[in-house]
K.L.:
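Please see the structure below; I have some questions.
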There are 2 protein chains.
Amino acid sequence: MPDSAAPVSNLGFAILGLLARRASTGYEVAQRMRQPIGYFWTARHSQIYPELNRLDAARLVEHEVIEGAGPRPTKRYRITPSGQTALAAWVVGDLEPQPVRDLEVLRLWSIWTVEPDAAHDLIGRLEGAHQSALDRYLEELAEISDLPGVRDPSKPLFASRITLEGGIRSRRTALEWCAWMRAELAAAVR
Amino acid sequence: MPDSAAPVSNLGFAILGLLARRASTGYEVAQRMRQPIGYFWTARHSQIYPELNRLDAARLVEHEVIEGAGPRPTKRYRITPSGQTALAAWVVGDLEPQPVRDLEVLRLWSIWTVEPDAAHDLIGRLEGAHQSALDRYLEELAEISDLPGVRDPSKPLFASRITLEGGIRSRRTALEWCAWMRAELAAAVR
DNA sequence: AGAGACATGTAATCTGTTACATGATTCG
DNA sequence: CGAATCATGTAACAGATTACATGTCTCT
């Protein structure tokens, strides 16, 4: 039984999910959780190193010291059996509705305060951002879709594929919505 | 010219957007920015009162003391002309790609660690959450869609309508995605 | 008389970003 | 020899949540 009384944060579960796929150094975890696709969650190294130490103290991960560059010892972390148990329990746990927080939609909510030309331009830029995100996701999906295990629900690649598919669908929908908004603006300007 | 050197936070612009639509007390701002639909941004009163004071100090809003309940004076805030200018400038300003941060997708990314039955159940619960959000959005849209100004891009109701439309489209897409994921799970379990 | 909405604040804590700090190895 | 990458940490600050604190008015 692990040291209880130590609640794991969302970031902690993100890291456990990463390490369940493959053992990594803190540096590698930071690379994988960075731009442009950190699989729908991001964090900086300054947040990751302390969190790894907490997970380590809670025995949800363990580390071995390996040789590597840098002034301090390089550590490779791997998830422990109790880490895997905790991760699986979190995955199927209660999901309370999380607050929506979208800065771009917040902007659009005040779009009535600006001139139609500026509004049109803003939506165009939004469209560009969604398009490039979509392109990246499609590329990622193409890279994994022929790999073995991609259709097996007990394999990590299955989960990568379905979350990527979700990203693709939502970006496509956002693009359609942008086109619709342009049309709504044009209809009124007429 | 307002006191410069005072950068306004995203929360500040959310509040300015609210006050641009109608003058409110801090309490009313807090009600409007609460669950279930805070128009894609939420905040608690403990964050709102200090922010209102900062906006007030920067002359982006002003207040009058009115009579009301409570141990302290009740204040009604309204946006100032320079507040409107600042809001409009923010709306058309640069949009740097914001980091994706979705806790439900993060869960799904580790769904391969659990049994197919539990995975199926999780997706069912996700579907229920999206469905109830969709229902709320549809109700909201029905309430405003016959009001005057709803098709005029210079009116707040236009912006309410297009952001609500975005919410509806994204929830519908999420529901389709959930159905697709169930099918993918079933195909493999076969 | 008690519950609940109205009304405004502060304090403690947690989460996340930016900036500071150090130093080895590899490639051009 | 300089730049980039590998590698790990801490400190200061900003943003957000939870809890503490107070007191009135209205309805049942």
Side-chain angles (χ1 to χ4, degrees), chain A residues 5-15 19 23-35 38 40-58 61 63-77 96-103 106, chain B residues 5-15 19 23-35 38 40-58 61 63-77 96-103 106:
Chain A
V8 180
S9 65
N10 292 331
L11 172 64
F13 288 116
I15 294 174
L19 295 179
S24 301
T25 63
Y27 185 85
E28 284 164 354
V29 170
Q31 297 302 304
R32 294 166 77 188
M33 289 191 73
R34 229 193 31 180
Q35 303 256 51
F40 315 98
W41 200 267
T42 55
R44 310 295 172 93
H45 79 272
S46 61
Q47 220 185 339
I48 289 165
Y49 288 115
E51 186 66 33
L52 278 169
N53 285 326
R54 282 188 285 270
L55 293 173
D56 206 345
V61 303
H63 71 267
E64 59 175 329
V65 175
I66 58 171
E67 66 233 54
R72 270 169 288 261
T74 298
K75 299 172 209 158
R76 178 173 306 283
Y77 289 92
E96 56 253 50
Q98 43 164 36
V100 187
R101 196 172 217 77
D102 189 323
L103 194 58
L106 184 64
Chain B
V8 179
S9 66
N10 292 331
L11 172 64
F13 289 116
I15 294 174
L19 295 178
S24 300
T25 64
Y27 185 85
E28 283 164 355
V29 170
Q31 298 300 306
R32 292 166 77 189
M33 289 191 72
R34 230 192 29 177
Q35 303 254 49
F40 315 98
W41 200 266
T42 55
R44 310 295 172 91
H45 79 271
S46 61
Q47 223 185 336
I48 289 165
Y49 289 115
E51 186 66 32
L52 278 169
N53 285 328
R54 282 190 285 269
L55 294 172
D56 206 344
V61 304
H63 72 267
E64 60 175 329
V65 174
I66 59 172
E67 67 230 53
R72 272 168 288 261
T74 297
K75 298 171 211 160
R76 178 173 305 283
Y77 290 92
E96 58 255 49
Q98 43 164 36
V100 186
R101 198 174 216 74
D102 188 322
L103 194 59
L106 184 64

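Reminder, nothing fancy here: chain letters follow the sequence lines and each chain counts from 1. Predicted model, so just to flag it, every value in this text is computed and none were measured.
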K.L.:
Of the non-hydrogen atoms in Ala30(A) and His45(A), which two are nearest, and what is the gap between them?
P.N.:
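Here Ala30(A) and His45(A) meet closest at CB-CB, 4.0 Å.
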K.L.:
Going by salt bridge (Lys or Arg N to Asp or Glu O under 4.0 Å), name the residues that satisfy it together with Glu67(B), two or more places apart in sequence or in a different chain.
P.N.:
none
K.L.:
Report the distance from atom CG of Asn10(B) to atom P of dA16(D), rounded to the nearest whole Å.
P.N.:
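After rounding, the reported distance stands at 7 Å.
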K.L.:
Looking at residues at least two apart in the chain, or sitting in another chain, which of them share a side-chain contact (heavy atoms from CB on, under 4.5 Å) with Val8(B)?
P.N.:
Phe13(B), Leu55(B), Leu60(B)
K.L.:
Taking only residues two or more places apart in sequence or in another chain, which ones pass side-chain hydrogen bond (donor to acceptor under 3.5 Å, both in side chains) with Asp56(A)?
P.N.:
His63(A)
K.L.:
Nearest whole Å is fine: how far is dT17(D) C1' from Leu103(B) CG?
P.N.:
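Rounding to the nearest Å, CG of Leu103(B) and C1' of dT17(D) are 15 Å apart.
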K.L.:
Nearest whole Å is fine: how far is dT8(C) P from Asp56(B) CG?
P.N.:
13 Å
K.L.:
dT15(C), OP1 or OP2 - any side-chain N/O from Arg101(B) closer than 4.0 Å?
P.N.:
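Looking at the OP1 and OP2 atoms of dT15(C), neither is under 4.0 Å from any side-chain N or O of Arg101(B).
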K.L.:
Just how far, in rounded Å, is C1' of dC20(D) from CZ of Arg44(B)?
P.N.:
15 Å
K.L.:
Can you pull the salt bridge (Lys or Arg N to Asp or Glu O under 4.0 Å) pairs that have at least one residue in residues 42-54 of chain B, sequence neighbours excluded?
P.N.:
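For residues 42-54 of chain B, and leaving out neighbouring residues, the salt bridge (Lys or Arg N to Asp or Glu O under 4.0 Å) pairs sorted by first residue read Glu51(B)-Arg54(B).
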K.L.:
Only counting residues at least two apart or in another chain, list the ones meeting side-chain contact (heavy atoms from CB on, under 4.5 Å) with Thr74(B).
P.N.:
Thr25(B), Ile66(B)
K.L.:
Figure out the CD/C1' separation between Gln98(B) and dG15(D), and round it to whole Å.
P.N.:
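My rounded result for the distance is 15 Å.
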K.L.:
At under 4.0 Å between heavy atoms, how does the protein contact nucleotides 5-12 of chain D? Give one character per nucleotide, 5' to 3', with B, S or -.
P.N.:
SBBBBBB-
